[in-house]
Number of protein chains: 2
Amino acid sequence: MRPTMKDVASAAGVALKTVSRVVNGEPGVHPATAERVRTAIDRLGYSRNESARVLRSGRTATIGLVIEDVADPFYSGLSRAVEEVVIGHGCLLLSGSSGEEPGRERELVETFCARRVDGLIVVPAGEDHTYLRSELEAGTPVVFADRPPGAGLDVDTVLADNAAGAEQAVRHLLGHGHHRIAFLGDDPAIFTAAERLRGYRETLGGLFDERLVSMRAPELETVRADLTRMFALDQPPTALFTGNGRYTVTALRALRGRRVALVGFDDFELADLLDPGVTVVAQDPSWMGRVAAELLFRRLRGDSGPSEHIQLPVRLIGRGSGEMSPYD
Amino acid sequence: MRPTMKDVASAAGVALKTVSRVVNGEPGVHPATAERVRTAIDRLGYSRNESARVLRSGRTATIGLVIEDVADPFYSGLSRAVEEVVIGHGCLLLSGSSGEEPGRERELVETFCARRVDGLIVVPAGEDHTYLRSELEAGTPVVFADRPPGAGLDVDTVLADNAAGAEQAVRHLLGHGHHRIAFLGDDPAIFTAAERLRGYRETLGGLFDERLVSMRAPELETVRADLTRMFALDQPPTALFTGNGRYTVTALRALRGRRVALVGFDDFELADLLDPGVTVVAQDPSWMGRVAAELLFRRLRGDSGPSEHIQLPVRLIGRGSGEMSPYD
DNA sequence: GTGAAAGCGCTAACAT
DNA sequence: ATGTTAGCGCTTTCAC
């Protein structure tokens, strides 16, 4: 079996509490005694049992992070930033991917809570977060990132300015002479997709045409079929606004060769190396992660002000694909 | 304060142990009693304290994963696969990025061990893993992925066949008529980089020329400088083999416009959309993660056979850049 | 400066 | 089918 504090204590010829003092760096131990204890610790290969500490002290020094998918570059960037902040505060990170399934989001959150994480950062997949209420009442701070919680939950949020980003994209294309601008995006049940659609629609105003909107799965076949349908219209689109990185890439594959102006939401590696370079509305996933994590730790330090709703700006990066005119 | 089993017990008018039985789904509880307990649980909003369970039972149902960087697509793919297997076994995942710093790798591993993770999957950054010995002796299974442990540690490993991959790449380029093939890769202190260099060197045989090798930081300026130097040689390279995804992308940026054949280690999104498509030696990060995690759970189930050393094959995907001849 | 005792919330082992 | 008891390894409290 592993050595315990008790073992170290008898090996060093001191009381358990003295070992505890040394291990925790508490003052009031004679240097010589401390040295004896440290020697015993090394000799036995002792390492403190965190579960026991947690049980007694109540603090797990663990943060839970629920995202949609670690394998998605947006969320892996966000994860890395959260991790940095968490480690910087001497804590560890429990993380899990919901895979866009509300049930799994809930399971992950509840499992994290059963482990008594000190705080939670959640990119929600579901619409209903009433199950979080008892946890919030127990005092666990929760920050929602990228998407807000369902109705009735008053928690901190860190979101990108999705509608403004869509507006920038559409204005940019209008400015280059396009009037027929198609939109390809996620199911509007997803907050970010709905917001981007809203920005697109409101900016287009009278130019909006629902036949130019497709919000189905980001699969190559689906996207290709929808684009084919749109290009067969009397007045086909001359430009395309894609609602996230996955749609941008899928659209690029589906469009191969066809000359259409394109602006995509989300920046991605190699966007500058394609020909033409892909114009995007860029978010900063690391920034979002950092801001969310820092807000969480502010709460953990005791800030109990009213819930904050931080909106991060996005910015358009022109690289060529969004600067083509409808005529050339 | 949060309700405990004791609270639930008195609320339901039963003994503590009965609540424990219901919570853990143990048999031998009268349905009516169980129902009363469940009602009390719901009413009080009870959720089991995992730290207490862990302290008593010794099993944390937690796996620790140390990688180099979650934000790197290779490792985020691996993470996602590990997570899938871990969740499938009813466990959670503690993960951390070493950032290629041996000190941080060790800190993460030791912190995970202090939390008494049931098992560890490690992509090592350091060379010395003797610090793991006591943990291994305590019975914690450890699987090394992507890179082997330092000398003297006999643990399971799951590695890609790096040297064979490099051989395939070089043979492919030789087969297309190249004799001057440059190599750009990571510091050979990193196992995978050393193996790929070895494969490259051994396959080239007498054609090897150390002036065509660069193993410095994958920064644009460094890579550009090294390539410029190589192209100024009397017999400049006509082909390039890049040692990992980061170098491939950096080289593509540095090469802009210049006609050189290219094969890169690691596949990446959009490799097919560039012009020409980028020929790569592809690994499968999900596969590696899945295999490592499954091996770990096999150990947790009690398999105590000799340590296993699994080598995963890689495969060359021709897309154009590797099929250019030196003459056209 | 050091130590003894209590108990965190749960499960394991043993009653009843 | 249900309850009682002990104790996991630590921190907290208070005594010396």
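The analysis underlying the following values was restricted to heavy atoms, covering all of them including side chains, and did not include hydrogens, waters or symmetry mates. Here is how names work: the chains are called A, B, and so on, in the same order as the sequence lines, proteins then strands, and each is numbered from 1.
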### Task
Name the closest nucleotide to the B:Ser57 side chain, picking from C:dT11, C:dG3, D:dT11.
C:dT11

### Message
So, under a plain 3.5 Å distance rule, would you say the side chain of B:Arg56 forms a donor-acceptor pair with the base of D:dG7?
### Response
yes

### Query
What is the distance from CG of A:Asn49 to P of D:dC8, rounded to the nearest Å?
12 Å

### Query
Roughly, in whole Å, what's the span from CZ in A:Arg115 to P in C:dG9?
18 Å

### Below 4.0 Å: OP1/OP2 of D:dG3 and any side-chain N or O of B:Thr18
yes

### Message
Could you check whether A:Glu195 pairs with A:Arg147 (Lys NZ or Arg NE/NH1/NH2 to Asp/Glu carboxylate O, under 4.0 Å)?
### Response
no

#### Entry: Spacing of B:Thr192 atom OG1 and B:Asp146 atom CG [to the nearest 0.5 Å]
5.5 Å

### Task
Say whether B:His30 and B:Glu35, considering side chains only, have a donor N or O and an acceptor N or O under 3.5 Å apart.
no

### A:Arg59 CZ to D:dT11 P, straight-line distance once rounded to whole Å
14 Å

### Task
Round to the nearest Å and state the distance from A:Asp7 atom CG to D:dC8 atom C1'.
13 Å

### Query
Considering only side-chain heavy atoms of A:Arg53, which listed nucleotide, D:dT11, C:dA4, D:dT2, is closest?
D:dT11

### Query
So, A:Arg116 and B:Ser47: side-chain donor and acceptor under 3.5 Å apart, yes or no?
yes

### Task
Indicate, with a heavy-atom threshold strictly under 4.0 Å, whether B:Ser51 touches base, sugar-phosphate, or nothing.
nothing

### Message
Can you measure A:Glu26 atom CD to C:dG3 atom P for me and round it to whole angstrom units?
### Response
14 Å

### Nucleotide of C:dT2, C:dC10, D:dG9 approaching B:Ala52 most closely (side-chain heavy atoms)
C:dC10

### Task
Provide, to the nearest angstrom, the distance between the CZ atom belonging to B:Arg48 and the C1' atom belonging to C:dT11.
10 Å

### Message
I need the CG-P distance between A:Leu16 and D:dT12, as an integer number of Å.
### Response
13 Å

### Message
Taking A:Glu107 first and then A:Arg104, would you say they form a salt bridge - that is, a charged N and a carboxylate O separated by under 4.0 Å?
### Response
no

## Note on the structure
Side-chain contact check for B:Met5: nearest option of D:dG3, C:dT11, C:dT2 is C:dT11

### Message
For A:Glu127, is the CD atom crowded, meaning more than 12 foreign heavy atoms sit under 6.0 Å from it?
### Response
no

### Task
May I ask you to say what B:Arg21 touches in the nucleic acid, namely base, sugar-phosphate or nothing, with a heavy-atom cut-off under 4.0 Å?
base

### Query
Side-chain N or O of A:Ser20 less than 4.0 angstrom from OP1 or OP2 on D:dC10?
no

### Query
Is any side-chain nitrogen or oxygen of A:Asn24 closer than 4.0 Å to OP1 or OP2 of D:dT11?
yes

### Query
For the side chain of A:Arg2 and the base of D:dG9, is some donor closer than 3.5 Å to an acceptor across the two?
no

### Query
Contact class for B:Val14 (heavy atom, under 4.0 Å): base, sugar-phosphate, or nothing?
sugar-phosphate

### Task
Would you indicate which nucleotide in D:dG3, D:dT11, D:dG9 comes nearest to any side-chain atom of A:Leu55?
D:dG9

### Query
What's the CZ-C1' distance between A:Arg36 and C:dG1, to the nearest Å?
12 Å

